[in-house]
Colleague: 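This is the structure I want to talk about, given as structure tokens.
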Amino acid sequence: MTDITAFDWRSFLLRWSGEWADSLPDGETRGEDDETARRARWLGFPPASEERIAGMEERLGRRMPPSYRQFLKVSDGWRHAGGFVRLLAGTGDARWHNDASGLAVTFEGYLDENAGPEEWREADLWRRGLQLDVESDITHVLMDPEDVDEDGEWAVYTWSSWRAAPPRRHANFLEFMRDMHREFHRLEARCDDGDPVFANDTTRELDAQVEEARLEALRGGWERAAKALDEAKEYGRPRAAGLGDQIRRLLGQTYQVYFDGLATDPRYAPELLPPLVAEHAAHRYRDDSRLTFDLRGADEELVSLAYAILEEVRRGTYRYTAAGPFGAAVERARELARWGDTDGAWRTLMSAVPLWEPLAPDHLAPLGWVADPVLGPLLTPERGRELLSTPRGGQPGEAPGPTAALDPAGLAWLAEPDPGNHRTSYRFVLVEGVEPEELPGRLADGDDAALSRPMTFWDARHGALRDKREFSSYDDRALMAVGRAGPGWSFAFDGDPAPFGRQRFVSPAAAAGAGTRAVVVWSGLRAWHGESFFHLSVALDGAEQYAFTYADGELEQSGEIPRALDPSRFFGGQEDVAEVERSLLEAVAREFGASLPRHALVNGRLHTFTTRSWTRPPRDGETYAVVRIG
């Protein structure tokens, strides 16, 4: 933070004035005041004496804040404060606004009966504020005598109707002027061909800062790099936004992340175009012309590539690839992730990050993988920080410690409330000694035995319903995601099962356990409606060994149940159902040494298939309904 009392106003204003003078095209016709300022290399006016400042304060009835007073002692007013205020008030022109613009009524009209005192106070700024804009492009600059800090500084608010945004607050007059200097730089950095090259001590210092930030980011110092890049971006320096956006995207930030021209550069497009396209797809825009707008400046070939990637992303078939050792790790990580081992997949990726090489100088980190439907869900803000903290691209540095695993061991996490508390019933099958891709052959028939591409459970459910034309009240064919359930086990999981029908339920454990061991769990202890229930069945070599079903206070069991799973240990009193469920799941996990991957099931993309019905066919005299559509 700048020490306002020690700030060198004269040096700052002289530098600004010189930069402005050098930015003007030769031969351009200017007004007399601007031409005088250009020749003098001074945008200001003579300093105001203490007597003149005191006279102003007597006229206004208030002592001015310290930073504004110090400014006036160097220059009694200012020309071209940023790009839209042509003349800023000195001692003679500052005046109370007294709602001369009529904006108090306008802003109060936006408020409703729920508006709080702070919102009404903000609207009243237009009555009490001190107006500093004298000539401007429909831009108001007001100092607020009621927004005062411990040093007596007044906040400064700026507002322009054409910006379609609320007034912008600056902590004090010094911060306002520094921001206007940055605004001047941003506008000049985008100057047209034929204008003077905008280069000066400030731009050269910032450009050197950007280059050092690039190297610092590759060394793992992303926080320092991001701060330096953000500062340079405020001045409109080339490269700063494109480099900073790469850091922001790996932190999980997507708002206004466009990579500032890098995504449309053929050198960087393989890595930066997919995340940009995937973000467009995630918003499900009806009009894809928005994507073309985001890719403005790209040639026809690159735009065609973007639309091809968009189709792959929407179909869930986009597949990220990379060269070298990192590319090989990507393939191994995808294989782990598509069967649910997202923690293993992440560690595989991270082990190869030190060997990763950028495509070109302004490439800071691997990014295309975040658009991959299988690999993208691996990213969390914590993991993004770990990747950014890892030295790469041939730069030295100290590797960070690994982030914590996202998947807790065992099954007990299923008893924890999920966001929205939607997971009140679920069922799963565990099969020992078989690969996940073998499960459909054990639990499904015909076309249903084919695995889908990896997708979210919501997408799988939506797709299944979209194509379904017949619905039966007796048929209960489960849509299940598959993967690995720890060493030696595979799983099939249904997180949104049909209602439990105790009289007609048939456990798939025997069919799943042909030649091996299988476990079936179906829990509805926390169901919102209907009976509370829990079912466990275990089969060996195609025959059920033991089972129990607790439903609505009644317990049925068969076979010789191990003591660790004896239902009498869990049911029989006025138990806390959440604790009972947790205890049961812990016992099942200990007995069989199996786990279910929380992150993959909640946030990831897994293969799915549809099982045979979990209910028996209706018997004579049992009624049911079948609905056919189309």
Colleague: Are any of the side-chain nitrogens in Glu398 or Arg219 under 4.0 Å away from the carboxylate oxygens of its partner?
Modeller: no
Colleague: Taking it one step at a time, do Asp445 and Arg477 satisfy salt bridge (Lys or Arg N to Asp or Glu O under 4.0 Å)?
Modeller: CA-CA 11 Å; Asp445 295 316; Arg477 300 195 305 155; over 6 Å; no
Colleague: Measuring from atom CG of Leu305 to atom CG of Asp299, what distance do you get when rounded to the nearest 0.5 angstrom?
Modeller: 10.0 Å
Colleague: Hey, is Glu335 close enough to Arg332 for a salt bridge, meaning N to O under 4.0 Å?
Modeller: no
Colleague: Please name the pair of heavy atoms, one in Pro597 and one in Trp413, separated by the smallest distance, quoted to 0.1 Å.
Modeller: C-CZ2, 4.2 Å
Colleague: In terms of the angle between their ring planes, are Trp369 and Trp346 parallel, tilted or perpendicular, with boundaries placed at 30° and 60°?
Modeller: tilted
Colleague: How long is the gap from CG on Asp459 to CZ on Phe457, to the nearest 0.5 Å?
Modeller: 11.5 Å
Colleague: Under a 4.0 Å N-O cut-off, is there an ion pair linking Asp260 with Lys233?
Modeller: no
Colleague: Would you call Arg237 and Glu205 a salt bridge, taking side-chain N to carboxylate O under 4.0 Å as the test?
Modeller: no
Colleague: Looking at Arg178 and Glu234, is any side-chain nitrogen of the basic one under 4.0 Å from a carboxylate oxygen of the acidic one?
Modeller: no
Colleague: From Leu302 CG over to Thr264 OG1, what is the distance, rounded to the nearest 0.5 angstrom?
Modeller: 6.5 Å
Colleague: Do the side chains of Asp372 and Arg605 get close enough for a salt bridge, i.e. N-O under 4.0 angstrom?
Modeller: no
Colleague: Decide whether Glu19 and Thr202 meet the rule of one side-chain donor and one side-chain acceptor closer than 3.5 Å.
Modeller: yes
Colleague: Would you please test Glu312 and Arg315 for salt bridge (Lys or Arg N to Asp or Glu O under 4.0 Å) and show each step?
Modeller: CA-CA 5 Å; Glu312 292 181 336; Arg315 292 196 306 263; 5.1 Å; no
Colleague: What closest approach, in Å, do Ala512 and Leu443 show between heavy atoms, and which atom pair accounts for it?
Modeller: CB-CD2, 3.7 Å
Colleague: Is it true that Arg427 and Asp496 have a side-chain N and a carboxylate O under 4.0 angstrom from each other?
Modeller: no
Colleague: Heavy atoms only: give me the nearest Ala594-Leu430 pair and the separation to one decimal.
Modeller: CB-CD1, 3.7 Å
Colleague: Salt bridge between Arg582 and Glu416, side-chain N to carboxylate O under 4.0 Å?
Modeller: yes
Colleague: Between atom CG of Asp407 and atom CZ of Arg598, what is the distance when rounded to the nearest 0.5 Å?
Modeller: 7.0 Å
Colleague: Using a strict cut-off of less than 4.0 Å between a Lys/Arg side-chain nitrogen and an Asp/Glu carboxylate oxygen, indicate whether Arg163 and Glu183 qualify as a salt bridge.
Modeller: yes
Colleague: Could you walk me through whether Leu525 and Val580 pass the side chain to side chain contact (heavy atoms under 4.5 Å, CB included) test, one step at a time?
Modeller: CA-CA 8 Å; Leu525 290 175; Val580 169; 4.1 Å; yes
Colleague: Over 60° means perpendicular and under 30° means parallel, so classify the ring planes of His181 and His185, tilted if in between.
Modeller: perpendicular
Colleague: Looking at Arg461 and Asp494, is there a salt bridge between them, counting it only when a charged N and a carboxylate O are closer than 4.0 Å?
Modeller: yes
Colleague: What's the separation between atom CZ in Arg249 and atom CG in Leu251, rounded to the nearest 0.5 Å?
Modeller: 10.0 Å
Colleague: Which heavy atom of Pro440 sits nearest to which heavy atom of Leu451, and what is that distance?
Modeller: CG-CD2, 3.6 Å
Colleague: Aromatic contact between Phe198 and Phe184, with the criterion being ring centroids under 6.0 Å apart: yes or no?
Modeller: yes
Colleague: So which heavy atom on Ala278 is nearest to which on Val313, and how close?
Modeller: CA-CG1, 4.1 Å
Colleague: Would you name the heavy atoms of Leu250 and Ala365 that are closest together and state the gap between them?
Modeller: CD1-CB, 3.5 Å
Colleague: Which word best sums up how the rings of Trp339 and His607 line up, parallel for under 30°, tilted for 30 to 60°, or perpendicular for over 60°?
Modeller: tilted
Colleague: From Ser507 OG over to Leu536 CG, what is the distance, rounded to the nearest 0.5 angstrom?
Modeller: 8.5 Å
